[in-house]
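To start, the structure under review is shown below, and the notes come after it.
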Amino acid sequence: MLNAAHRLHSLSTVSQFIGTHNQDDHIDALRCLIDRERSYVSNNYVANASIDLSPPITAVQRSTLFHWLVQMSDFAGYSTFIAEVALSIIDRSNVILANKKIRIDQRLLFSTALMIASKLNEHTVMGSGCIQQLMRNSFTVNQIEEAEFKLLKLLDWKLNPPTFKSYFEEFCCLLNLDETSKGIIWISFWNDAKTILSSSDFIGETRFNLAVALFFRSLEINQLSLSNLLPLSKIHFFEMLLHNQLNIQPRGFVINEINARLKSYSSVDSLDQVTLS
C-alpha cells in the first residue's frame with residue numbers, strides 16, 4: 001500500500017505527462033461514468049435459476065444473438081458501441097420481463113433493442129419498417145412498435161449506459177495518446193470486449209472494472225508496436241493514477257485475472273441459426 005507522500009510524489013510526476021487540469025477533468029469524467037453505471041447493472045438472468053424468463057434463453061443463444069447485433073451494426077455502418085447499447089437494453093429488459101412474468105420473442109427483443117439504440121445514437125436509424133424487412137416479416141410493424149414502447153416503459157427511459165468505448169476514450173485522454181496509438185490499442189481492446197459482451201458469464205459485472213482490465217491487457221499485447229509511441233514509464237504512471245484516484249488493483253494482477261477468464265467464443269452468420277422456443 002502506498003503512503004500519502006509516495007502518492008503525492010507519484011501524482012505530481014504524472015503531471016509531467018498529463019496536464020493537471022486535464023487529468024482532473026478526465027478523472028471526474030470517469031467518476032461520473034462509474035456513478036451512472038450503477039443504474040445500468042443487470043442481474044445475470046442466464047445463470048440465475050431464480051430468474052424465470054419465459055421463454056428462457058441459453059448462454060449460447062444470447063451469444064449468437066449478440067454476434068448478430070454486431071454484424072447488423074457493422075452492415076449499417078453504425079458506431080462500434082451500438083451493439084453494446086442494444087445488449088444493455090436487452091439484458092435489463094429480460095430481468096424485468098422475468099419478474100413481471102411477461103413473455104416476449106427474443107428475436108423481437110433483440111431487433112427492437114437495436115432499433116432503439118440506433119435512434120438514440122445515429123443519424124441514420126433503423127425504423128420499424130426496416131426491422132420488419134430485416135426479420136423477414138416475422139413480425140408486423142405494429143408488433144415492433146408495441147415492443148419498442150413496452151421496452152421504453154420497462155426501462156423508465158434509461159437508455160444511455162456507459163460503454164467500453166466511453167471508458168476507452170477517457171483512458172486514452174488520460175494517457176494523452178495520439179490517434180495512431182489509440183488505433184493500435186483499440187483493435188485488441190474491442191475484440192476482447194466483444195468476447196466479454198457475448199459471454200453471459202460477465203452479465204452483472206461493472207463495465208468499468210472490465211474496461212480497465214482490457215485496456216491494460218491491450219497495452220501489454222501491443223507493447224512492441226507501441227514502444228516508440230508510448231514509453232513504459234508513462235504506462236506505469238497511468239497505472240499509479242488509477243490506483244490512487246480510483247482504487248484500481250495493480251496492473252499485473254488485473255491482467256492475470258482477465259487473461260484467466262477470457263475464453264473463445266464462435267460467431268455465427270445468421271439469426272436463422274438460432275432456435276428459441
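All values below were derived from every heavy atom in this structure, side-chain atoms included, with hydrogens, water molecules and symmetry-related copies excluded.
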Which residue is it: Cys32, Ser166, Pro162? I am looking for the one with a side chain to side chain contact (heavy atoms under 4.5 Å, CB included) to Glu37.
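Answer after filtering Cys32, Ser166, Pro162: Pro162.
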Taking the side chain as everything from C-beta on, heavy atoms only, tell me whether [X] gets closer than 4.5 Å to [Y].
X	Y	result
Ile203	Arg62	yes
Ile90	Leu151	no
Phe216	Ile258	no
Trp68	Leu134	yes
Phe238	Phe215	yes
Val212	Phe171	yes
Thr80	Ser73	no

If we ignore hydrogens and angles and just use 3.5 Å, is the side chain of [X] paired with the main-chain N or O of [Y] as donor and acceptor?
X	Y	result
Glu122	Ser79	yes
Thr195	Asn191	yes
Asn44	Val46	yes
Ser118	Met115	yes

Any idea how Phe208 and Tyr167 line up, ring-wise: parallel (<30°), tilted (30 to 60°), or perpendicular (>60°)?
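Rings of Phe208 and Tyr167: tilted, 30 to 60°.
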Can you tell me how the ring of Phe164 sits relative to the ring of Phe189, calling it parallel under 30°, perpendicular over 60° and tilted otherwise?
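Ring orientation of Phe164 relative to Phe189: perpendicular.
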Spacing of [atom1] belonging to [X] relative to [atom2] belonging to [Y], to within rounding of 0.5 Å:
X	Y	atom1	atom2	answer
Tyr40	Leu33	OH	CG	11.0 Å
Thr64	Gln106	OG1	CD	12.5 Å
Asp201	Arg261	CG	CZ	7.5 Å
Met240	Leu242	CE	CG	11.0 Å

Of the options Lys165, Lys194, Arg207, which is the one that meets Glu84 in a side-chain hydrogen bond (donor to acceptor under 3.5 Å, both in side chains)?
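Only one of Lys165, Lys194, Arg207 forms a side-chain hydrogen bond (donor to acceptor under 3.5 Å, both in side chains) with Glu84, namely Arg207.
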Taking NZ, NE, NH1 and NH2 as the nitrogens, is one of them in Asp105 or Arg107 under 4.0 Å from a carboxylate oxygen of the other?
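Yes.
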Sequence neighbours excluded, which residues qualify as salt bridge (Lys or Arg N to Asp or Glu O under 4.0 Å) partners of Arg36?
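Arg36: no salt bridge (Lys or Arg N to Asp or Glu O under 4.0 Å) contacts found.
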Name all residues meeting the ring pair (Phe, Tyr, Trp, His ring centres under 6.0 Å) criterion together with Trp190; count only those two or more places apart in sequence or in a different chain, and write none if there are none.
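For Trp190, the residues satisfying ring pair (Phe, Tyr, Trp, His ring centres under 6.0 Å) (neighbours in sequence not counted) are Trp186.
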Counterpart residues, ring pair (Phe, Tyr, Trp, His ring centres under 6.0 Å), relative to Tyr78 (two or more places apart):
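Tyr78 satisfies ring pair (Phe, Tyr, Trp, His ring centres under 6.0 Å) with no other residue.
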Arg251 and His236: CA distance, side-chain angles, deciding distance, side chain to side chain donor-acceptor pair (under 3.5 Å) verdict
CA-CA 9 Å; Arg251 177 164 46 108; His236 287 315; 2.8 Å; yes
[X]: which residues meet the side-chain hydrogen bond (donor to acceptor under 3.5 Å, both in side chains) condition with it, sequence neighbours left out?
X	value
Glu257	none
Asp192	Arg217
Thr206	Asn209

